[in-house]
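Please read the structure below before turning to the comments.
Just so it is clear, the structure is predicted and the values come from calculations on it, not from any experiment. Naming: A, B, ... by sequence-line order, numbering from 1 per chain.
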Amino acid sequence: MQKKLFLLFIFCTISTSAFAIKVFKYSVEGTPTSLDPVQSSTKYQNRIVSAICDTLYDYKYLKIPYELKPNLAAALPKISKDGLTYTIQIKKGVFFSDDPAFKGGKGRELTAEDFVYSIKRHFDPKTLPRGAWLWQGRIKGIDDWKTAGSDYKKQVEGLKAIDKYTIQISLVKPYPQLVYTLTKGYSAIVAKEVVEKYGPEISIHPVGSGPWVLGSFNNQKAVLLKNKKYREEIFDLKNEGYDEKIHGFTGIKSLQGKKLPIVDQIEINFMENFSMRWISFTKGSEIQFGFIPEQQFNNVIASRNPLSLNKEYAQKYYFLPQTEFAFRYLNFNMDDPKIGYNKDKELEKKNKALRIAIHKAWDWPQYIKTFFDDLGEAYPGIISPGIDGYDPTLSKEYITHDPEGAKKILKDNGWTAANLPDITYSMVSDIRQNQMYDQFRGWLITIGYPSSKIKKQTFASFGDYSKAVKSRKTMTIAMAWGLDFPDSENVLQLFYGPNSSPGSNNSNYNNPEYNALYEKASTMQPSKERSEIYKKMHKLLLEDSVTIAGFSRTDLWVWHKNVILYPVENVLGNYFKYVDIK
Amino acid sequence: MDTFIYSLRKFFQSIPLIFGVTLISFVLMVYFGPDKTYDLLGKNPTQQQIEEVHHQLGYDQPFLTRYFIFFKEIITFDFGYSDSTGEKVSSIFARTIPVSLAVQLPILISGNIISIILALIAAYFRGKMIDKSVMFVAVIGMSVSYLIIVILFQIIFCSSYGLNIFPVQGWEVESFTSYLKYVTVPVLASVFLSIGYNTRFYRAVIVEEITKDHVRTARAFGTHPLKLLFKNILKNSLIPIMTRIIITLPFIIIAGSIVLESYFSIPGIGLVLYDAILTGDLPIIKAAVTWTAMIYVLSLILTDIMYTVVDPRVTLK
């Protein structure tokens with residue numbers, strides 16, 4: 001009897017382990033609203049969309065500086081000598097996952113025509129697209145196609161499927177960043193049948209050919225299931241940029257040769273509430289990936305330099321501090337005659353001095369200490385270290401708190417407490433933003449700005465704030481910019497005159513010299529000459545004191561020790577396929 | 001039959017009220033609500049794209065046309081697709097309302113039963129130690145912030161720092177057992193809070209009843225205290241108690257609970273509505289306003305009917 005029971009126990013154990021599925025429980029602090037690739041504007045959306053729908057290109061998982069690799073494309077594009085024509089071969093035998101939208105419910109083969117269709121959708125206003133800015137005015141004929149009514153039956157001159165597996169993109173002018181745009185969720189490929197079947201509800205029912213299929217999705221959680229029809233993709237340490245010194249602690253080495261995706265299921269928990277996220281993470285049976293919230297910082301961190309976990313936590317979790325691929329800034333609205341351009345050239349000169357004085361009043365170390373756990377350092381301007389165009393020799397004066405210098409500039413330029421203009425700090429109405437305003441106000445008071453002249457302009461929601469910014473109705477703009485790709489063009493375009501509001505240039509800076517340099521650099525392939533132009537543009541920005549920048553937050557990622565991963569929370573959309581559970 | 005005819009008549013009489021509510025809400029949404037356009041734009045939009053989004057959202061149409069469309073939606077109960085998620089509004093409601101109800105109903109039922117019992121005890125022993133103790137607990141329930149209670153309960157019941165016996169977040173309800181697993185802590189936290197307000201209110205109502213002549217007579221007659229409490233006092237106090245309970249139904253059904261849903265990751269209607277209001281997702285707001293108005297009217301009718309059940313002197317005319 002005992003022997004039988006023992007055998008039954010063994011059988012049950014084996015059966016359970018044989019049928020146990022590997023589930024990775026991930027968490028993010030934001031909630032995606034739509035999973036339609038044309039609307040995947042946030043990193044939360046981008047991550048899920050690019051996990052479900054294939055993009056032509058991707059970044060190597062572990063390689064820093066970022067390096068592109070083919071994903072759905074068979075190889076990197078063939079670029080014509082003039083840089084205007086890109087020819088891209090896609091992999092053969094890639095199928096969409098099964099869905100009732102397809103004939104017989106079986107996903108059909110993905111072709112070059114599907115890519116063409118997916119990009120066209122960005123130029124169809126009915127889809128409420130958000131990614132058109134990446135290609136408008138760049139791909140030949142795409143804007144005309146839209147003006148003519150976005151008729152999918154009509155061809156776009158510069159966007160063609162040459163044959164079943166070949167895409168050809170013709171550009172109006174060279175656009176070296178084009179390949180980067182083809183890594184983004186915006187360019188992820190959907191099938192026409194799926195769009196036609198689900199209409200606007202494709203946002204909750206995306207179907208692609210990526211490593212994952214959507215299991216379920218609501219405002220709290222998305223569940224991704226392994227796409228059993230996913231093409232053969234084998235993990236190759238060397239190709240992905242593995243470096244034992246950097247990645248060794250994660251155990252990623254053991255993934256060599258494994259077929260991707262590795263785990264069976266990904267649970268993406270949308271947890272805006274930090275306390276709940278931390279309780280859930282430390283519980284042991286719930287989320288396996290999160291970050292250390294500000295409130296827990298002193299409990300969990302043993303040392304700041306280098307950053308490390310205290311013993312209790314270090315035994316249980318892996319830890320990685322990582323600088324975000326974004327920067328925070330405070331722009332001045334140059335369209336506002338009280339702080340920016342002015343018909344009276346004398347006053348315009350004085351306004352520049354005023355901006356420089358405010359810039360000098362800004363205390364980055366205090367800002368970082370108050371709002372970012374004293375982690376990280378400011379750098380002059382908008383080009384962060386590690387990106388092409390970053391100039392390590394730039395003067396630190398641009399980020400030095402210098403109230404005396406500020407006072408002197410105000411005095412030298414004839415500014416007095418009586419004639420200083422009212423300065424308005426615009427913000428979304430929440431506690432943190434109010435605290436930031438109070439800090440800003442404090443700095444201005446120290447340089448002699450009358451308290452009564454420092455005002456705040458509050459907005460109930462980010463949408464309202466954004467509306468005011470885009471309508472040029474704010475004097476200052478405190479925001480952050482997440483980089484879309486690792487090229488300084490993406491940040492320098494933020495100050496390009498023709499991109500002024502409602503475009504991305506919310507400072508409405510319009511300097512002909514800067515604009516001419518941007519136009520020149522934006523068509524150039526990476527080179528020493530281009531880097532020099534970037535540096536020159538950056539210098540112009542800093543000298544004109546259009547923006548007070550910059551700082552990139554340090555994220556403190558933690559994950560359970562039974563999970564094998566290396567967090568790449570920046571530009572890489574889809575790294576779930578590389579995750580394993582021990 | 002009389003009840004049915006009364007309900008029907010009352011409902012038809014309330015139709016102008018429903019349209020009044022929807023009209024006022026629509027005016028507020030259109031002229032004072034957030035502009036959804038800027039949530040739906042890309043990072044580098046042009047003026048033309050802003051106008052296109054305006055057009056897609058119907059913002060470029062005259063107010064009357066927009067209200068007429070809303071009117072049609074009310075009649076057909078088809079509010080289209082959410083501007084944020086693209087999902088059909090009816091599907092969102094069908095998916096989230098049952099979840100909110102699954103959390104809110106146990107809170108409503110257990111919270112009120114416990115409060116009524118505590119109020120009866122407190123009122124019966126008015127001025128004595130038991131009364132003071134119950135009121136002390138009630139005041140704590142009223143005074144402590146909901147957020148603190150939620151976090152405290154999470155730490156006690158769900159975290160590795162406490163008992164760690166319930167999940168802190170999620171909603172994977174496949175059976176009654178799993179339902180209990182996910183619902184217990186949110187219900188406990190909310191009941192603790194609701195007891196404070198409810199007990200004080202019910203105690204006041206019951207104390208008023210307890211001082212009436214018929215109670216004194218029953219006491220003099222030697223009625224058993226339990227019978228006295230439930231038959232003579234509670235039954236006669238039921239009208240204000242019932243009104244309070246029934247009137248909360250529309251909010252329970254449509255509004256859910258933002259705090260519970262965000263702190264326990266419960267995919268209910270509360271957070272959907274909160275986000276919709278904050279971002280100006282008109283199809284969802286329109287549906288919520290219409291449904292709330294209608295359920296409110298139905299609740300009022302139900303209240304009238306219930307009055308006749310608990311008090312035979314009340315007739316439906």
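At a 4.5 Å heavy-atom cutoff, the contact between A/K467 and chain B is made by backbone and side-chain atoms alike. For B/E52, the part lying near chain A is the side chain, with the backbone staying farther off; criterion is any non-hydrogen pair under 4.5 Å. For B/E51, no part lies under 4.5 angstrom from a heavy atom of chain A. With a 4.5 angstrom heavy-atom cutoff, A/E286 touches chain B only via side-chain atoms. Interface remark: A/S466 contributes backbone and side-chain atoms alike to the contact with chain B (heavy atom separation under 4.5 Å). Looking at B/V150, there are no atoms closer than 4.5 Å to chain A (heavy atoms on both sides), in backbone or side chain. Of the two parts of A/K25, neither the backbone nor the side chain holds a non-hydrogen atom closer than 4.5 Å to a non-hydrogen atom of chain B. Using a 4.5 Å cut-off between heavy atoms, A/N218 contacts chain B through both its backbone and its side chain. Interface remark: B/S91 contributes side-chain atoms only to the contact with chain A (heavy atom separation under 4.5 Å). In this structure, chain A has a heavy atom under 4.5 Å from the side chain of B/I50, while its backbone stays farther away.
Counting only heavy atoms from C-beta outward, the side chains of B/L278 and A/F462 never approach each other to under 4.5 Å. Residues B/Q47 and A/K470 form no side-chain contact, since every pair of their non-hydrogen atoms from C-beta on lies 4.5 Å or further apart. Using a 4.5 Å cut-off on side-chain heavy atoms (C-beta onward), B/Y81 and A/S203 make no contact.
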Using atom types as modelled, flag every donor-acceptor pair under 3.5 Å from a side chain in residues 96-105 of chain B to any protein atom, sequence neighbours excluded.
residue, atom, partner, partner atom, Å
B/T96, OG1, B/I92, O, 2.7
B/S100, OG, B/E261, OE2, 3.0
B/S100, OG, B/I269, N, 2.8

Under the side-chain contact (heavy atoms from CB on, under 4.5 Å) rule, what do A/S280 and B/V168 come out as? Steps first, then yes or no, please.
CA-CA 6 Å; A/S280 179; B/V168 68; 3.3 Å; yes
From CA spacing to verdict: side-chain contact (heavy atoms from CB on, under 4.5 Å), B/Y161, A/T282:
CA-CA 9 Å; B/Y161 310 105; A/T282 51; 4.0 Å; yes
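When all heavy atoms are compared, the tightest approach of A/S504 to B/N44 is N-OD1, 2.7 Å. Closest of all the heavy-atom pairs between B/G86 and A/E201 is O-CG, 3.4 Å. What you find for A/M276 and B/S262 is that their closest heavy atoms are CE-O, 3.5 Å. Counting all heavy atoms, side chain and backbone alike, A/P502 lies closest to B/T46 at CG-C, 3.9 Å. Taking each heavy atom of A/S275 and B/Y263 in turn, the nearest pair found is OG-CE2, 4.0 Å. Listed here is the closest heavy atom pair of A/Q220 and B/S265: OE1-CA, 3.2 Å.
Annotation: salt bridge (Lys or Arg N to Asp or Glu O under 4.0 Å) contacts of A/D144 (sequence neighbours excluded): none. For A/K283, the salt bridge (Lys or Arg N to Asp or Glu O under 4.0 Å) criterion is met by no residue, not counting sequence neighbours.
Between chain B and the options A/I202, A/L35, A/I204, the largest number of non-hydrogen pairs under 4.5 Å is found for A/I204. Per-residue heavy-atom pair counts under 4.5 Å with chain B were compared for A/Q136, A/Q493, A/E272, and the maximum is reached by A/Q136.
A cation-pi arrangement, defined by a distance under 6.0 Å to the six-membered ring centre and an angle within 45 degrees of its axis, is absent between A/K221 and B/W171.
Interface residues of residues 119-132 of chain A toward chain B, defined by a heavy-atom distance below 4.5 Å and sorted by number: A/P125, A/K126, A/L128, A/P129, A/R130, A/A132.
The side chain to side chain donor-acceptor pair (under 3.5 Å) with B/K43 is formed by just one residue from the set A/D484, A/N499, A/N490; it is A/D484.
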